[in-house]
Every structure is written in C-alpha cells, then in structure tokens.
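Structure, as structure tokens:
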Amino acid sequence: MEVHKIPTKPRSQPSGKTNKKLDLSKLNPEQKNAVLHVDGPLLILAGAGSGKTNTMTHRIAYLLAEKQIPASRILGLSFTNKAANELKERVRSLTGTVLGPRATKGLIVSTFHSLCVKILREFAGRVGYTPQFSILDPHDQESIVKEILKLINIDAKKFDPTWVLFQIGQAKNKFLSGEEAGAFFDTLKGPKVAYDDYSIALQSVFPRYQERLKLLNAMDFDDLLFNAVTLLENHADVRESLSRRFQFILVDEYQDTNPSQFRLLQALTSTHHNICVVGDDDQSIYAWRGADPTHILNFDHYYPGTKKIILDQNYRSTETILSAANQVISKNSKRYPKSLWSERGAGSPIHTVAVEDDRAESQMVTEEILKRVQENQRPWKDFAILYRSNAQSRIFEEALRLHQIPYKLVGALSFLDRREVKDLLSYWKLVVNPKDDTALRRVINWPARGIGKSSIERIHQDAVLYQLSFYESMQSHAVQGDLNEKAKAGTKAFCELQERLSAQLFGIVRSEYEGRDGDFLIAVSEWAKRSLEAIGTKAALLSEDEDTAKAMKRFDNLEELANAIGMMDLAPASHEGSPQNGAMVLQEYLSQLVLDSKEDKKDEDNENQNALTLMTLHGAKGLEFPIVFLVGLEDGCLPHQRTIDEGTDLSEERRLFYVGITRARDELYLVRAKNRIRYGKAIPRNPCRFLEDIPQDLLLERDESSTPDFRSEEAQKKHEDEIQNFFAEIQKRLNKK
DNA sequence: CGGTCTATAATTTTT
DNA sequence: TTATAGACCG
C-alpha cells in the first residue's frame, strides 16, 4: 500500500533554456549560500540526499559564468571516477546553455589518484622516476611481495602477503616516515602468529618493496598519493605553481580523506585558502583504510575563518525512512549534530523480516521483488539489494538467476581481472615501460613459446648478477647464453616481437595528423589490434579453451579493449603532458584502465539497462533506489565479526547501516536470517544490534521462520542477569520499605 | 614443460 | 561448501 505517489522524473533539472544567466532559483537558501560563497574556505555538511552534487555543480558553474574564473583555474576532486565524471558532465550541461559548449574546456574534475598521476608524469624526475612509470594493480603488488618474502626466507603461509601489503598501504596512506612506519608496525598484531615477529617482517619487507618498485619504474595506488605529496612538499617551485594554477578547489566526500590526501590539499592551497569541501561525517565509512574523519570535524581548525553550511533538507526519502536513519545515527557521539528532514510525507512503514536462514533470505527477497514488480509495475532497476560483504552476493545471484531477474553485480571480478585481459595489457605495459618485469614475467611464455621454469630462472639470475632488467637479460640471452634451443628461439622471438611493436607504436606521431586527433587515436587503436595478431592471442585462446564460442567471445573482448583506445578523451596537443605519440597515448590509456577498474567495458549498456542492483554498503554510498533491501542484518555480519572481535569502536559499522538506510527513496526492507549456513553448517545468529535503535512504530515486523529467536550463550546469560538484577532491585526496594 | 589432481584455507569494506 | 594454489606425474 503506497501512501505516497512517487515522482519518477529527475529532480531539480534547470528548466528549459536560460538566457545568459545561471538559474539559481531551484536551490534552497542554504544551497544558494554555498553557491554564492566565493573566496575563502567553505565547509558544506551535506546530509544524505540533500542535493550535494547539485550544489557543487552550481557552484562551479557560478564561478565560471558569473565570476569569470577561467575553467583551468578550477579543480574538482572526488574519490571515484564515476563521481568525477558525473560532476563534470553536469557542470558542462549547466554552463552549456549560458556560456556555450567550450566553457568547461580545461576544467579538471578528477579523482585524487588521477590528479596525482598527471602531476607525477610531469615531474617524475623529481621523485626518482621516469614519466613512463607503470601503475601496479593489487595482483602485481602481491606477486612482488611474495617474491620478497621468499627472498628473505619468510614463510608466506605465516605472513599473508595481502596482510603485509595492507599494512604497507596503511603506512603510506597515513604518510608515515620510515621511523613512524616502524613504530606503527610495532603496534600491530597479525592474524596467524602469536609472537610479534610481524613488525620485524614488515620492516624488512617495506623498504625492499619500495626499492623494487623503483627499479621497475612502477608505483602502486598508494604511491601515487605518497609520491605526489612528497614532490609537492619538497619542491616549493612545483608546489607554488600548482597552487597558483588551481585557484579554486572543491573536494567531494571530504570525510573520506586520508592524511596523504589531506596534505596534498594543504600543498595545493598553500598560496590561497579557496577550498570548498563537501561531505558528511555520518557517512565516513573508510577509516579502516586510513581515512580520518577528524579532517572534516576539525576543518575550521586547519582553515581559520571557514564558512560552514549545513544542508539537512533531504529530497530523497520518506519521513519514515529518515526518522529511522536519524535515530540510528544519533547514537554516535563524535559528530556534528544534525538531523535530516523532508517534505515527502510519511510513506510506507519499514518492513523488517526475519527468516530461517540465508537460503530463505534470498528466496524471500526474490519473491518480494517479483510481487512488487507485478503489483506496482515497478521496473527492475528500482530495486537494490545491499549487503555488508561481497561473499553475501552469491546466494542472491543464484536465486535471481533462477527467477530470471536481470541484475547487475557491482564490484564483481572486474574485466581487468580476467586472465587474458591482464596478459594482453602486460604486453602493452611492457612496450611503454620495458623495465616492468612483473608484466614481462606474466607473458614471457604466453602464448607458449617454450620458455620454461628453468629458462626463466636462468634469465632471472643473470638479470640479478649484471643488474639488468629482466627484459635486458632476455635480450642478451636471445643472442648468447646457456638456454636450450627451444627456449633460445622463443626468447629471440619474444624480443623481436617487442621491438617491432615498440618501433611501430613510437612511430605514430601526433604532429603528422595536424589536428586530426581522431585519426591519430585510431592509428593507435589500429596498432593495438595489430598487436593482438602479432602476439597470436586468437590462436592461444582457441587452443586453451575447448569451447570455441567462448574463446571467440574472449577474443572479441580483447579487440574491444583495442577499439576503446580510439574513443579516448585526448588533451589538446598544446597542453603540457598531453600525448604526442602512440606510446604516450597507450600509457595514458593504461593508467585510466587501472585507476578505473570498476566501470569498465562491461558497463557499456549499463546506463539505461533495466536491472536490479546487487552491491555492498560501501559501494552504495552516493546512490539511491526506490526500494532497498538491507540483508544480513545480524550481529557478526553487520557489525562485522572482525570489528566486534577487535572490541573497539562500532561507530563506523553504525554509519554503514545509516548509509544503507538512507539509500532508500520510498521503501525499505530490513532483512535478517536466524541461521547462516557456513561451510555446510548452520550457525545461529542474533539480530543486528543497531535494529534496536529504530522506534517500533516505524516498523512493520514479520517473522517467516519456524524457530524462535536464537540467543547466544553470552546473550542468554546477559539476559538472565538482567532479569535477576531487576528482581534483586525490586527486592532491595521492598526490603527498604 | 604443461596439465590434472589434491589439500587447504576461507568470507570486510576499495581507489 | 567452494576456490585456489601448489605438488606431482605424464
């Protein structure tokens, strides 16, 4: 039963054409204040669904249109490519009607990471790199750490490489110096070993890892930030020129900034304080990877004279949903007190459903969705199923597939994780950066060319002995050396292939195309397609997969990867650091790919496709859906077990719940299972503790299970204790009288 | 050298 | 229960 009719038209689009004047009439007074504030620090506390993006885009448009700030003096920063693209697109459409299509030319709206790439490509030499540096993906990082662990005789079984990498990343995110990192490592307790060798292990791996990356001319994600900050802090000339260039800086999701990002911003604002940050402390959910919410809580401390604006009118959800959200979040202590309100009316109550186990959970959700689709004519894309951890998606996928409901799984193994994609990209990486041993070792024998383990080992040993890159060592082995005939021939063939590809690619020069950038890009794209042939990918794929159709499909994907080069956005030739030859284009393309792994080629038909969404609570931030199912609302799942075990602060888990609730526009389902099947056994579970904070009168509760609520021994004991205390108390009072 | 098999570990969240 | 990473054999 719907109390409220849902308007499905997009909200707050500027109506029709406006003549020469930016239309601010659709903004509420606070939003307008934020837009009109020009000079000096500005903090916008934007609650969920409060028109944050709209405010930011209007503010940029206002600077461009009314204040005549050149687009190239404005910098917008966000965390995801998706957010950056959306922001840019909306600024473009806003200013388009007023200033024409060229108004945003030179405007940079990007993620922190890609901004750092831009800066570092230009000044790589100042931090000991060449501009061709590669960007490693997590998989590459892991193989390097494994190598190092082996080298220093540490058992990778005891010291999980992923864990080691995570801690190294933490140290970089916090921008710790060598000694500070050491002290930080000392405080850690690892997962598998009781004694504290962890710090020693980390302290021996960390420097070696960094050294290795430098040798490979490669940076990992965290290095991009770390090195950019190092560059700016140590080189006043670079710092000042960039700070002067970016006269106005806007930062989205500011509550998620980590110390590296914070310092980057400080450097960029060293010559002015025109920084506008937008965020919501209640939606800070990345502290676990180094984000520090005190950046937003103490913003005016770092930037005195800050103007603070609170956007608390919500344009998204019903009042019922908002008051549940407000209640839940109000239990957190360290926050700017605020409470969202809306004019949308009460709407439907929140459904809370308890089911028997996770199988029943997926069934119930699926059936409910089918019902809603039939009864209310809802399209699939109105629905989202949100969960705490990725592992929970699987069972829903099965149920959805069974009922033939189209869904899109966000955060699934990305296109880039596919083996053949990584292989192809490794060839391309190697052409751009021949020092990239990691890439080389991936494809040295793919397609099979007779270079086996022992040959690789020999090449490797010579590389170490003569201080060569792996590729250089290969080159010398192709001519002489102690490889068997087959391996030698393979090595020779490989080197020749690389040389040829490289020569061809560097031969594609932009100046020959005289402004026809489209043709220039297509030439590079053609090269990429030819490289597929030269490598022999089609034959390789066909031979390793029985299923010819499947193999062809994989091959088509690779061709698509080559094609996409032709559709890149290319900086104008005059612009510094813009690609001048094929290799530079390819390099740019490769960095875009690694930094943008989420929305890749698979998303091509994404926008208008009608499918329900399956994703984690983290992934859902910034999105909204008419009907939301929050599933797995059990202790151990929503306050995640790891967080409970650490015994510390559960406020971030609570914020996660808050984020989930506030994704819903019209209806919200809170679903929990009484048992969860794990490794084939049913584990009984308690309801998520945050559920208690939602007032009963907002809820419509039902229990579809056949078993009574489970209480863990501990909970049972606590419950009994409470009853006993209660009676003891009464007894005491009676005795007193 | 490459494929198949078996043992073992595993379920936070990600640019 | 399932996925993956080494071991081992052809």
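Each chain gets a letter, A, B and so on, in the order its sequence line appears, and its residues count up from 1.
Side-chain contact check for Glu397(A) and Tyr407(A): at least one donor-acceptor pair (N or O, by modelled atom type) lies under 3.5 Å. In this structure, a donor-acceptor pair under 3.5 Å is absent between the side chains of Lys146(A) and Gln141(A). Looking at His477(A) and Thr491(A), their side chains never bring a donor and an acceptor atom within 3.5 Å of each other.
As rounded to the nearest Å, dT4(C) and dT13(B) have C1' atoms that lie 22 Å from one another.
Between the C1' atom of dT11(B) and the CD atom of Gln392(A) lies a distance of 9 Å, rounded to the nearest Å. In this structure, His139(A) places its NE2 atom 17 Å from C1' of dT14(B), rounding to the nearest Å. Following rounding to the nearest Å, Arg642(A) (CZ) and dA10(B) (C1') show an atom-to-atom distance of 10 Å. Rounded to a whole Å, the NZ atom of Lys82(A) is 15 Å from the C1' atom of dT15(B). Atoms NZ (Lys172(A)) and C1' (dT15(B)) sit 14 Å apart, rounded to a whole Å. Residue Trp163(A) contributes atom CH2, which lies 16 Å from atom P of dT11(B) at whole-angstrom precision. Following rounding to the nearest Å, Asp252(A) (CG) and dT15(B) (C1') show an atom-to-atom distance of 14 Å. Residue Glu253(A) contributes atom CD, which lies 14 Å from atom P of dT14(B) at whole-angstrom precision.
Residues Thr111(A) and Thr643(A) both approach DNA chain B. Their nearest nucleotides, taken by heavy-atom distance, put Thr643(A) toward the 5′ side. When each of His113(A) and Ala391(A) is assigned the nucleotide of DNA chain B bearing its nearest heavy atom, the one mapping closer to the 5' terminus is Ala391(A).
Of the candidates dT13(B), dT15(B), dA10(B), dT15(B) carries the atom nearest the Arg289(A) side chain, counting heavy atoms from C-beta on. Distances were taken from every side-chain heavy atom of Asn390(A) (C-beta onward) to each of dT14(B), dT15(B), dT11(B); the shortest belongs to dT14(B). Among dT14(B), dT11(B), dT15(B), the nucleotide with an atom closest to any side-chain atom of Tyr679(A) is dT11(B). When distances run from any side-chain atom of Tyr286(A) to the nucleotides dT14(B), dT11(B), dT15(B), the shortest one goes to dT14(B).
Tested against Lys429(A) for a side-chain contact (heavy atoms from CB on, under 4.5 Å), the candidates Asp436(A), Leu440(A), Ile135(A), Leu136(A) yield a single pass: Asp436(A). The salt bridge (Lys or Arg N to Asp or Glu O under 4.0 Å) with Asp282(A) is formed by just one residue from the set Arg655(A), Arg335(A), Arg654(A); it is Arg335(A).
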Can you check nucleotides 1-4 of chain B for protein contacts, nitrogen or oxygen pairs under 3.5 Å, and list what you find?
residue: dC1(B); atom: OP1; partner: Gly452(A); partner atom: N; Å: 2.3
residue: dC1(B); atom: OP2; partner: Lys453(A); partner atom: N; Å: 2.7
residue: dC1(B); atom: OP2; partner: Ser454(A); partner atom: N; Å: 3.3
residue: dG2(B); atom: OP1; partner: Asn445(A); partner atom: ND2; Å: 3.3
residue: dG2(B); atom: OP2; partner: Asn445(A); partner atom: ND2; Å: 3.1

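Environment of CG in Asp645(A): crowded, with over 12 heavy atoms of neighbouring residues, nucleotides or ligands closer than 6.0 Å. Counting non-hydrogen atoms of other residues, nucleotides and ligands closer than 6.0 Å to NZ of Lys538(A) gives a total of 12 or fewer. Within a 6.0 Å radius of NZ in Lys331(A), other residues, nucleotides and ligands contribute more than 12 heavy atoms.
Within the structure, every side-chain polar atom (N or O) of Ser114(A) is placed at least 4.0 Å from both OP1 and OP2 of dT15(B).
Within 4.0 Å (heavy atoms only), Arg676(A) reaches no atom of the nucleic acid at all.
With a heavy-atom cut-off of 4.0 Å to chain A, the contacted part of DNA chain C has its first and last nucleotide at dT1(C) to dA3(C).
Taking the six-membered ring where tryptophan is involved, the planes of Tyr286(A) and His618(A) are tilted, since the angle between them lies from 30° to 60°.
For the atom pair Thr257(A) OG1 and Asp252(A) CG, the distance stands at 11.5 Å (nearest 0.5 Å).
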